[in-house]
Protein chains: 2
Amino acid sequence: MSETRTGTTPHARATDDPDAGTVPRPRPGGRSARVRAAVHRAVAELLTEGPAEHLTMPAIAARAGVHPTTVYRRWGTLGELLAAVAASRFSGDLVVPDTGSLRGDLEQWTADLATDLTDPDSIAIIRAALSSGTEGGCACTTERQEQLASMLDRERSRGGAAPTVERALDALLAPVYYRALFTPAPGTPDWARSLVDTLLPRPA
Amino acid sequence: MSETRTGTTPHARATDDPDAGTVPRPRPGGRSARVRAAVHRAVAELLTEGPAEHLTMPAIAARAGVHPTTVYRRWGTLGELLAAVAASRFSGDLVVPDTGSLRGDLEQWTADLATDLTDPDSIAIIRAALSSGTEGGCACTTERQEQLASMLDRERSRGGAAPTVERALDALLAPVYYRALFTPAPGTPDWARSLVDTLLPRPA
DNA sequence: GCATTATTGCAGCGATCGTTGCGTTCGGGT
DNA sequence: ACCCGAACGCAACGATCGCTGCAATAATGC
């Protein structure tokens with residue numbers, strides 16, 4: 001059981017935790033993984049149910065069916081826990097498409113991103129992670145920036161021209177995240193696709 | 001004394017509180033205003049000094065030289081207080097420029113906006129307000145959206161063509177806020193000015 | 001100037017938070 | 001199958017939070 005998603009957030013993802021079996025950590029055994037999954041799920045659930053102020057360490061522990069001491073010892077601060085949850089939630093959940101053309105890739109990827117941020121779960125986690133310093137905020141976007149960069153690089157290796165990562169960030173990532181955070185309506189996939197037109201020269 | 005800024009955040013602003021004398025509130029007398037100013041300033045100060053987790057009602061009251069009960073009674077929740085502080089901080093602090101051309105207006109306004117968000121104070125307030133629901137987040141941007149709309153409307157009344165408010169939001173506001181929130185380096189005024197090129201057709 | 005009333009200060013309360021020391025249980029290697 | 005050590009549960013502590021009586025103060029209208 002590697003963080004089975006029990007219905008609260010039906011969200012497609014490829015791998016659940018990035019560094020699960022890579023580094024030979026002291027003891028990534030069955031129970032530790034189980035506890036971590038329960039705690040992560042508890043954070044997500046409490047974040048959707050009530051306001052962020054009620055998200056406290058004992059509450060998380062109670063929801064997860066775990067003793068509060070465990071949560072304190074493993075994660076230390078609520079901020080670190082939120083950063084960990086955010087990193088786990090926003091890594092490996094989107095796959096970079098390969099439609100053959102840069103435009104197609106970007107359109108599909110941006111639409112997927114916008115759809116992903118439709119989930120109130122995601123928005124709540126981003127908000128909470130942001131409140132705990134820059135690290136938590138970066139945890140929500142670094143993976144996405146890398147994916148964007150990889151698509152642009154692939155186009156260049158094809159021999160085509162591609163804009164800067166910086167400009168792509170400003171044109172695609174920034175609007176999607178801005179809408180999700182600052183407006184009640186997160187933005188539709190069609191709108192997200194149209195963002196690509198502002199980045200790439202028109203098709204022909 | 002209407003929230004005299006005592007050095008902690010040297011920030012130019014036009015009016016301090018928008019709805020100060022409009023509605024005949026029960027008793028906006030001298031002491032109430034003084035207390036509110038002290039509390040607002042205390043929030044800003046504590047937000048820059050320590051992490052957001054230590055921002056608690058008694059701490060704010062102590063810093064403001066006010067009894068905690070006062071803060072509880074006037075604002076109720078920490079979230080409401082943060083929303084109020086954010087609304088007060090981000091209203092009337094930027095003036096819409098009038099350079100004669102839409103491009104010039106947008107360039108200067110966006111650069112001003114980016115400079116404004118360089119202040120760690122502002123970023124901390126945005127982060128904190130965001131964590132308390134959508135209302136607090138909107139409080140940071142509604143005024144800016146209106147300013148942007150007014151500039152575009154003015155260009156149209158001049159007879160010129162102007163892009164949609166939606167597109168201007170995506171091209172200008174979103175990148176600036178995104179950088180301020182999710183990256184360690186908030187973005188320079190020159191970069192902000194260059195954003196206008198992605199929105200408007202090149203000068204000639 | 002004086003009465004009225006919103007607003008603040010004060011003291012104290014229950015509840016919860018965050019931490020620590022120690023015993024117990026479970027996972028991993030031989 | 002065994003042992004070792006990491007991870008967890010348990011109980012208790014001090015500190016702080018959030019709230020609610022009641023008294024005092026100061027701003028407004030006459």
Side-chain angles (χ1 to χ4, degrees), chain A residues 1-3 17 19-43 46-47 49-84 128 131-132, chain B residues 1-3 17 19-43 46-47 49-84 128 131-132:
Chain A
M1 180 213 236
S2 168
E3 185 157 9
D17 200 338
D19 48 5
T22 61
V23 182
R25 274 182 309 185
R27 184 166 289 182
R31 189 162 67 159
S32 291
R34 216 157 33 228
V35 167
R36 181 166 62 168
V39 169
H40 279 218
R41 188 174 40 208
V43 169
L46 291 177
L47 225 36
E49 295 176 6
E53 284 113 2
H54 296 140
L55 187 76
T56 174
M57 296 287 250
I60 296 169
R63 170 61 64 100
V66 172
H67 206 270
T69 323
T70 303
V71 184
Y72 281 117
R73 276 201 266 255
R74 276 185 61 137
W75 288 277
T77 319
L78 180 63
E80 301 178 50
L81 172 56
L82 285 174
S131 68
S132 310
Chain B
M1 179 213 240
S2 167
E3 185 156 9
D17 200 340
D19 49 4
T22 61
V23 182
R25 275 182 306 189
R27 184 169 289 183
R31 188 163 69 157
S32 290
R34 213 158 33 229
V35 167
R36 181 166 63 167
V39 170
H40 279 217
R41 188 174 41 209
V43 169
L46 291 177
L47 225 35
E49 296 175 5
E53 284 113 2
H54 296 140
L55 188 75
T56 174
M57 297 287 249
I60 295 170
R63 170 62 63 101
V66 174
H67 206 269
T69 39
T70 302
V71 184
Y72 281 116
R73 277 200 266 255
R74 276 185 61 135
W75 287 278
T77 319
L78 181 64
E80 303 179 49
L81 173 56
L82 284 174
S131 68
S132 311

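These figures come from a predicted structure and were not determined experimentally. In what follows, chains carry the letters A, B, and so on, assigned in the order in which the sequence lines appear, proteins first and then strands, with residues in each chain numbered from 1.
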Please tabulate, for side-chain N and O atoms in residues 60-69 of chain B, each donor-acceptor pair with protein atoms closer than 3.5 Å (sequence neighbours left out).
residue : atom : partner : partner atom : Å
B/R63   : NH1  : B/E45   : OE1          : 2.7
B/R63   : NH1  : B/E49   : OE2          : 3.0
B/R63   : NH2  : B/E49   : OE1          : 3.0
B/R63   : NH2  : B/E49   : OE2          : 3.4
B/H67   : ND1  : B/T69   : OG1          : 2.8

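- If you measure from atom CH2 of A/W75 to atom P of C/dG18, you get 15 Å, rounded to the nearest angstrom.
- The side chain of A/T70 contributes an N or O atom lying less than 4.0 Å from OP1 or OP2 of D/dG9.
- Applying a 4.0 Å cut-off to non-hydrogen atoms, the residues of residues 52-69 of chain B that approach DNA chain D are B/T56, B/M57, B/P58, B/T69, listed by residue number.
- Put simply, CZ on A/R74 is 19 Å from C1' on C/dG18, counting in whole angstrom units.
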Show me the donor-acceptor pairs within less than 3.5 Å that the side chains of residues 74-84 of chain B make with the rest of the protein, sequence neighbours left out.
residue : atom : partner : partner atom : Å
B/T77   : OG1  : B/E80   : OE2          : 3.0

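- Within the 4.0 Å cut-off from OP1 or OP2 of D/dA7, not a single side-chain nitrogen or oxygen of A/R34 is found.
- Rotation axes derived from the C1' atoms of the five outermost pairs at either end of the helix from C/dG1-D/dC30 to C/dT30-D/dA1 lie 50° apart, to the nearest 10°.
- Minimum interatomic distance between B/S131 and A/A52 (heavy atoms only, all atoms of both residues): O-CB, 3.4 Å.
- Pairs of residues two or more places apart, or lying in two chains, never qualify as salt bridge (charged side-chain N to carboxylate O under 4.0 Å, His left out) while including a residue from residues 64-73 of chain A.
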Tabulated below should be each protein N or O lying under 3.5 Å from an N or O of nucleotides 22-25 of chain C; please produce it.
residue : atom : partner : partner atom : Å
C/dT25  : O2   : A/R31   : NH2          : 3.4

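- For A/Y72 and C/dT19, the shortest distance from a side-chain N or O to OP1 or OP2 is not below 4.0 Å.
- Within the model, atoms CZ of B/R36 and OG1 of B/T70 stand 14.5 Å from one another, a figure rounded to the nearest 0.5 Å.
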